[in-house]
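For reference, the structure discussed in these notes is given below.
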Amino acid sequence: QQQQQQQQQQHQQLNSSGGLGAKQTNQVGPAGEVPPSFTCTFRDGVDYVSSGPEDVVEKLSDEQCCKRCKSRNDASPGSCMVGVISADYDKPPRACWLKGRVMRATAKEGVRACWPSTPPQDLEGQAVTDMEEHQERLKAVSALSSPGVVPSHSILLQRAEAIRAATRHAWSAYVRLAWGKDEVKPVSSRALDSVFGHAVTMVDALSTLWIMGFKEEFQQAREWLVINLPGRLGKLVKRVSVFETTIRTLGGLLSAYDLSRDSAFLDLAKMVGKKIRSLTSSAGVTPYTFGRGNGGSKCKTLTDSGTNQLEFRYLARETGDKSWSESSDRFYDMIRGRPSVDGLWPNCWESGKGRITMGADGDSFYEYLLKVWLFSGQTEDVLWDMYDRAVTGLEKHMLQKGPDGLTYVQELSWTGEDAPKQVEDMEHLTCFLPAWLSLGASMPRANATRKRRLALAESIANTCWHMYHRQPTGLAPERVQSMQMDLSKTDTREYILRPEAAEGWWYMHELTGAPQYREWGW
């Protein structure tokens, strides 16, 4: 009784300090499974990170989950220190996770933990402390918001420092938990080598580290990459994405070189570039994987072959060897001879029909048209013409005003002959368009279309803002279907760290000076 009273007092303290609710229930299982006096301690709103394997069992009640953990732990002590019932929004929802070798507690809304025995209070206390510190950081960041008011220089400096602190936090966790691996899992804190197997987070972060002034961390990454990356590149498996390797690894190394002028990064970039160039055909066609396979659309797409010209042209310029860009550039010649709708090609361009989109499988092809033209010194008229025609096609076929007054960018379905039909699906990826449109509109040769296209950029930027603003989480979904921002018609309700909207608002602020874009980004 004294122990129970002490536990109840501890539970009340947790509730008052961190909101981690707890209650106990007596569970009487079948004979031989758990003793009739067995008491399970439940914790609401707290998850536990383990260093060992985790088994998941679906379709168990909370009580059954606790009993399953108890039975397992009795059979093999330490094999299940805690069972955690996942939240409704998890995958799978309301499933029972059986965890051994628990390391620490972490606050998480919607989950429920069950302990076959009394949970270690140091874990509980740390979860409370973490939550309290997190809430304090949120308050500090929220205080830097200034809706409707142009922020002062002092506020902007504080925002910049808050962003640097967030980067420092993420980088230090990667160094501590997943150094040399592709990524770190944010909930379990485990290192993971995904399919890439060559520390893509490290390479991807190089330019950010440099720009934010983390030169010591940049140098630390540089030393590891010089020693280890060549060997990792030699072991790339066939299913690794060429597209992702180009924009993350090759682009990351070239950015690091461009900023630091350290030739070690250029040497590493050439290693990656050679592997990619060896896969590109004489017509400029590049496969999706290093095994020459296709991606999710089961075809050769615009983005597969149209998202490497910047990288290879940069290599050609820096090395003085034009052969770097010759094969990839031929894709532009080839694609112009394929069927299109007012400058818009089907994502699966070989078929001459199908989906046309400014989202997945199409977006970066169109994005690169303008940027490669700029990289040419604004001299290659054919690239500007391809960009200009694509914008015309967008204006003519892909736009629709929703019942909420917002401008939506829809997908198209094209038979190859008749006029294309709209499909009411706007991906978050299309939020690159405000940057694409405004940057093009700022060019001298866009005088005749500047006003109209800048207005279109503003309207799409506003739609992208509402994709965030109208969600209870403040995070945009992967797509909005049927122009319903409440997601009642949307089947992809996830946020996967897409940068397009924030980048688009950055361009809009730089090119127009309108303060709302910086506020939206913040």
For the backbone of [Y] and the side chain of [X], can you confirm whether one donor and one acceptor N or O come within less than 3.5 Å of each other?
X    : Y    : value
S297 : C299 : no
D425 : E411 : no
T430 : E427 : yes
E424 : Q410 : no
S71  : R68  : no
S278 : K275 : yes
D88  : P93  : no
T167 : I163 : yes
T307 : T303 : yes
R493 : T490 : yes

query: Looking at residues at least two apart in the chain, or sitting in another chain, which of them share a disulfide bond (SG atoms under 2.5 Å apart) with C114?
result: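 Disulfide bond (SG atoms under 2.5 Å apart) check on C114 returns nothing, list empty.
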Hey, are the side chains of [X] and [Y] touching, using non-hydrogen atoms and a 4.5 Å cut-off?
X    : Y    : value
M485 : L406 : yes
W210 : S260 : yes
S364 : F243 : yes
Q471 : P477 : yes
E478 : Y495 : no
T106 : V46  : no
V409 : L433 : yes
M202 : L229 : no

**Prompt:** C464-C431 sulfur separation below 2.5 Å?
**Reply:**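 Cysteines C464 and C431 qualify as a disulfide pair, their SG atoms being under 2.5 Å apart.
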Practice prompt. Would you list the pairs meeting salt bridge (charged side-chain N to carboxylate O under 4.0 Å, His left out) in which at least one residue belongs to residues 218-240, sequence neighbours left out?
Written response: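 Sorted pair list: R222-D262.
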Are H466 and Y408 close enough that their ring centers fall under 6.0 Å?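 No; Y408 has its ring centre 6.0 Å or more from that of H466.
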Minimum heavy-atom distance [X]-[Y], with the two atoms named:
X    : Y    : value
T245 : F290 : OG1-CE1, 3.7 Å
W171 : A205 : CZ3-CB, 3.9 Å
C66  : F42  : CB-CZ, 4.4 Å
V56  : A95  : CG2-CB, 3.7 Å
V57  : L98  : CG2-CD1, 4.2 Å
T357 : M398 : CA-CE, 3.9 Å

| said: Any donor-acceptor pair under 3.5 Å linking the side-chain atoms of T286 with those of D304? | reply: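 D304 vs T286: no donor-acceptor pair found between side chains.
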Pair Y48, W115: side-chain N/O donor-acceptor within cut-off below 3.5 Å: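 There is such a pair between these side chains.
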- Under the criterion ring-ring contact (aromatic ring centres under 6.0 Å, His included), which of W520, W505, W522 is the partner of Y468?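 Of the listed residues W520, W505, W522, the ring-ring contact (aromatic ring centres under 6.0 Å, His included) partner of Y468 is W505.
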Distance check, rounded to the nearest 0.5 Å: [X] atom [atom1] versus [Y] atom [atom2]?
X    : Y    : atom1 : atom2 : value
L225 : L206 : CG    : CG    : 6.0 Å
C80  : N73  : SG    : CG    : 6.0 Å
L475 : M467 : CG    : CE    : 11.5 Å

S61 vs R94, side-chain contact (heavy atoms from CB on, under 4.5 Å): CA-CA, chis, key distance, verdict | CA-CA 8 Å; S61 68; R94 306 303 302 169; over 6 Å; no
With salt bridge (Lys or Arg N to Asp or Glu O under 4.0 Å) as the test, would you mind laying out the steps for R190 and E54 before giving the verdict? CA-CA 12 Å; R190 292 181 181 176; E54 299 178 1; 3.6 Å; yes
Which residues pass the salt bridge (charged side-chain N to carboxylate O under 4.0 Å, His left out) test with [X], not counting sequence neighbours?
X    : answer
R159 : E519
E311 : none
E367 : K371

Just to verify, what does [X] make a side-chain hydrogen bond (donor to acceptor under 3.5 Å, both in side chains) with, not counting sequence neighbours?
X    : value
D204 : R248
N347 : none
Q484 : none
E161 : R164

Check against side-chain contact (heavy atoms from CB on, under 4.5 Å), H198 and L236: CA-CA 8 Å; H198 60 268; L236 289 179; 3.4 Å; yes
- Message: Take a 6.0 Å sphere around NZ of K185 and say whether it holds more than 12 heavy atoms from other residues, nucleotides or ligands.
- Response: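 Result for NZ/K185: open.
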Measure from NZ or CZ of K300 to the centre of the six-membered ring of W349, then state whether that distance is under 6.0 Å and the direction lies within 45° of the axis.
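Ring-cation test returns no.
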With sequence neighbours left out, what residues match W436 under ring pair (Phe, Tyr, Trp, His ring centres under 6.0 Å)?
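Per chain and number, W436 pairs via ring pair (Phe, Tyr, Trp, His ring centres under 6.0 Å) with Y387, F432.
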With sequence neighbours left out, write down each residue that passes side-chain contact (heavy atoms from CB on, under 4.5 Å) with A166, or none if nothing qualifies.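 Checked A166 against side-chain contact (heavy atoms from CB on, under 4.5 Å); zero matches.
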- Message: Which residue in the set L177, T201, L192 passes side chain to side chain contact (heavy atoms under 4.5 Å, CB included) when paired with V184?
- Response: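 So, applying the side chain to side chain contact (heavy atoms under 4.5 Å, CB included) to V184 and each of L177, T201, L192, only L177 qualifies.
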Quick test of your reading of the model: are [X] and [Y] salt-bridged, counting only N-O distances below 4.0 Å?
X    : Y    : result
D90  : K108 : yes
K67  : D62  : no
R479 : E494 : no

Side-chain polar contacts of residues 251-258 - donor-acceptor pairs under 3.5 angstrom, sequence neighbours left out - could you list them?
unit_1: S255; atom_1: OG; unit_2: G251; atom_2: O; d: 2.9
unit_1: Y257; atom_1: OH; unit_2: R261; atom_2: NH2; d: 3.1
unit_1: Y257; atom_1: OH; unit_2: E318; atom_2: OE1; d: 3.3
unit_1: D258; atom_1: OD1; unit_2: Y314; atom_2: OH; d: 2.7

Note to self: Please evaluate residues L156 and R518 with respect to the criterion side-chain contact (heavy atoms from CB on, under 4.5 Å), reporting the C-alpha separation (whole Å), side-chain torsions for both, the decisive distance (0.1 Å), and the verdict.
What the structure shows: CA-CA 10 Å; L156 292 177; R518 182 152 55 187; 3.7 Å; yes
